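Taking it in order: structure first as structure tokens, then the write-up.
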Number of protein chains: 2
Amino acid sequence: MQKAAIEKNNEAIAAQLAPVGRETVQDRVYSELRRALIGGLFEPSQVLTIRGLADALVTSTMPVREALGRLITEKALEALPNRSVRVPPITLERLDDLLRARILIEGEAIALAAARMGPRQIATIETILGEWDEMRALKHKKDVDREVTLNQSFHFEIYRSCGSAVLIPMIESLWLQSGPCIRVAIYAFSEAGEVDTAQYHRRIVTALATQDAQAARESLAADISRPFTFLRSKLQSAAAKDQT
Amino acid sequence: MQKAAIEKNNEAIAAQLAPVGRETVQDRVYSELRRALIGGLFEPSQVLTIRGLADALVTSTMPVREALGRLITEKALEALPNRSVRVPPITLERLDDLLRARILIEGEAIALAAARMGPRQIATIETILGEWDEMRALKHKKDVDREVTLNQSFHFEIYRSCGSAVLIPMIESLWLQSGPCIRVAIYAFSEAGEVDTAQYHRRIVTALATQDAQAARESLAADISRPFTFLRSKLQSAAAKDQT
DNA sequence: TCAAAGCAAGTGTGATCACAAATCAAAATC
DNA sequence: GATTTTGATTTGTGATCACACTTGCTTTGA
């Protein structure tokens, strides 16, 4: 009986080979749309069509329509009574609503994470902080895409440590919903001068390193609030101008 | 120019007619599956097939597959690597995770609602309480379906008053996720004797009537926790029995 | 007798088509 | 000239088909 020998050989092969993975087209479309949404590539109130997206992504309508359906249930997109879908418009109420929910849930997540993050995890987010500084030092021109990506990595690296399989998808949904708004704010930030995001992030890191859950929660709330309050005042002044 | 006259006539007609609505088949399938899930009609770990559900619901596979996709993104269902979908199994960690999230989010919702509910809304939930008592008085046999429905109405009538378009879908998602677990607990409750749910609900109502947000939050937490802690101890003893 | 190979039924995924509703622009009507 | 009507195009929805993968059973070989 060569069974043991064959088994061993198979194991040796398995060690060499990487699992190939079988991502469906639908999954790729979904991920791509998510990325675009969180990155703020779509504008609020913009209407999306199935065939249009299918053409842009070079697939058929089938994977796109299912991906859109999923994004609608996450409230990342909005189904109009006409049955067309658009990215939800920004309103003052929605802004406040989103901010409150984010502080509540992401605050809870970071408080949980504070007790669970080891030196390994702390080191990881410090690396991300380093990359941020590097980016700022090297380039004068603003690389908004990279800023968005690094910011996302920083936050989710923390949230992943909270150990809750329930909270994380909710946070993703919240980012999906606030993505289109936030982009507007980041652009405005970059123009309005160097309000240092890194400073806020550093405060979060020191809170986490000392396992101070309350401080982590508060500094996170401050970090999240910035773009929201900024956008809020901007919207208010725009509304005031409309009235005149 | 009869324009104004015609307009007025149309308005008169519109006042008579109820909007007919154009619910798609997909929406109906989705609602039906939601109802089944929240009501706990599916068992944890049960595998669902597209064609099977399509036959049961008497439609084609198309609306079903899209509805399943949506439920998967809400974590109400789970996609296995085999690409089959099942209702998520119950584990101790998941139970604790769900309970914590529900107390956090539904607690926030009821705290907001406490400040916003008027006599009109209070009367509505008291009506639901009345129906509960009625049900209990008339029938000795347990009508679990009706219990589930009334419990749901009671809670969501409150949550609707919180005024947050962001929190409510999250709560719905949480109910979807805990539905299959809760059903097990309710059955066990009904057998284990008359632990009066109404008593917990009444405490919530008095807290809301006096606009006491903190008391509302706490009594809600107590109400939600019951089936969870019950199920938890049941699972633990089952696990202990397995080990022997 | 038992494990491996082979086969058949079942299942999810993606493409395409048919149809109804919505949208927009040109034409007709007052 | 403004409004309504009409018609063409676009769009979402549902059904059906083709294909690939999985699964479970039967058959084959040692």
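Each chain gets a letter, A, B and so on, in the order its sequence line appears, and its residues count up from 1. Worth saying up front: this structure is predicted, and the values here are computed from it rather than measured.
- Considering only residues two or more places apart in sequence or on other chains, B/R83 meets the side chain to side chain contact (heavy atoms under 4.5 Å, CB included) condition with A/R22, A/T24.
- When rounded to the nearest whole Å, the span between CD of A/E66 and C1' of D/dG14 equals 12 Å.
- Scanning for side chain to side chain contact (heavy atoms under 4.5 Å, CB included) contacts around B/M117 gives B/A113, B/Q121, B/I122, B/I125, B/I158, B/S161, B/L208, with sequence neighbours left out.
- For B/R94, the side-chain hydrogen bond (donor to acceptor under 3.5 Å, both in side chains) criterion is met by no residue, not counting sequence neighbours.
- A search for side-chain hydrogen bond (donor to acceptor under 3.5 Å, both in side chains) contacts involving A/D96 returns A/R232, not counting sequence neighbours.
- Open room surrounds CD on A/E43; 12 or fewer heavy atoms of other groups in view lie less than 6.0 Å from it.
- With sequence neighbours left out, the side-chain hydrogen bond (donor to acceptor under 3.5 Å, both in side chains) criterion links A/R102 to A/E106, A/S178.
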Please write out each protein N/O paired with an N/O of nucleotides 15-19 of chain D under 3.5 Å, distance rounded to 0.1 Å.
residue	atom	partner	partner atom	Å
D/dA15	OP2	B/S60	N	3.4
D/dA15	OP2	B/S60	OG	2.2
D/dA15	O5'	B/S60	OG	3.4

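- The distance from atom CG of A/L53 to atom P of D/dT11 is 11 Å, rounded to the nearest whole Å.
- Residues passing the side chain to side chain contact (heavy atoms under 4.5 Å, CB included) test with A/A56: none are found, sequence neighbours excluded.
- By the side chain to side chain contact (heavy atoms under 4.5 Å, CB included) test, B/T49 is found to be paired with no residue, residues two or more places apart in sequence or in another chain being considered.
- Backbone-only contact: B/Q26 has heavy atoms under 4.0 Å from sugar-phosphate atoms and none from a base.
- Partners of B/E74 under the side-chain hydrogen bond (donor to acceptor under 3.5 Å, both in side chains) rule, at least two apart in sequence or in another chain, are B/Y30.
- The closest side-chain donor-acceptor pair between A/Q177 and A/S173 falls under 3.5 angstrom.
- At a non-hydrogen distance threshold of 4.0 Å, A/N82 from residues 72-87 of chain A come into contact with DNA chain C.
- Atom OH of B/Y30 and atom P of D/dG14 are 15 Å apart (whole Å).
- Listed by chain and number, the residues in a ring-ring contact (aromatic ring centres under 6.0 Å, His included) with A/W132 amount to none (sequence neighbours excluded).
- Proximity of residues 42-49 of chain A to DNA chain D (heavy atom under 4.0 angstrom from any strand atom) is restricted to A/L48, A/T49.
- In this structure, the CG atom of A/D27 is 13 Å from the C1' atom of C/dG14, given to the nearest Å.
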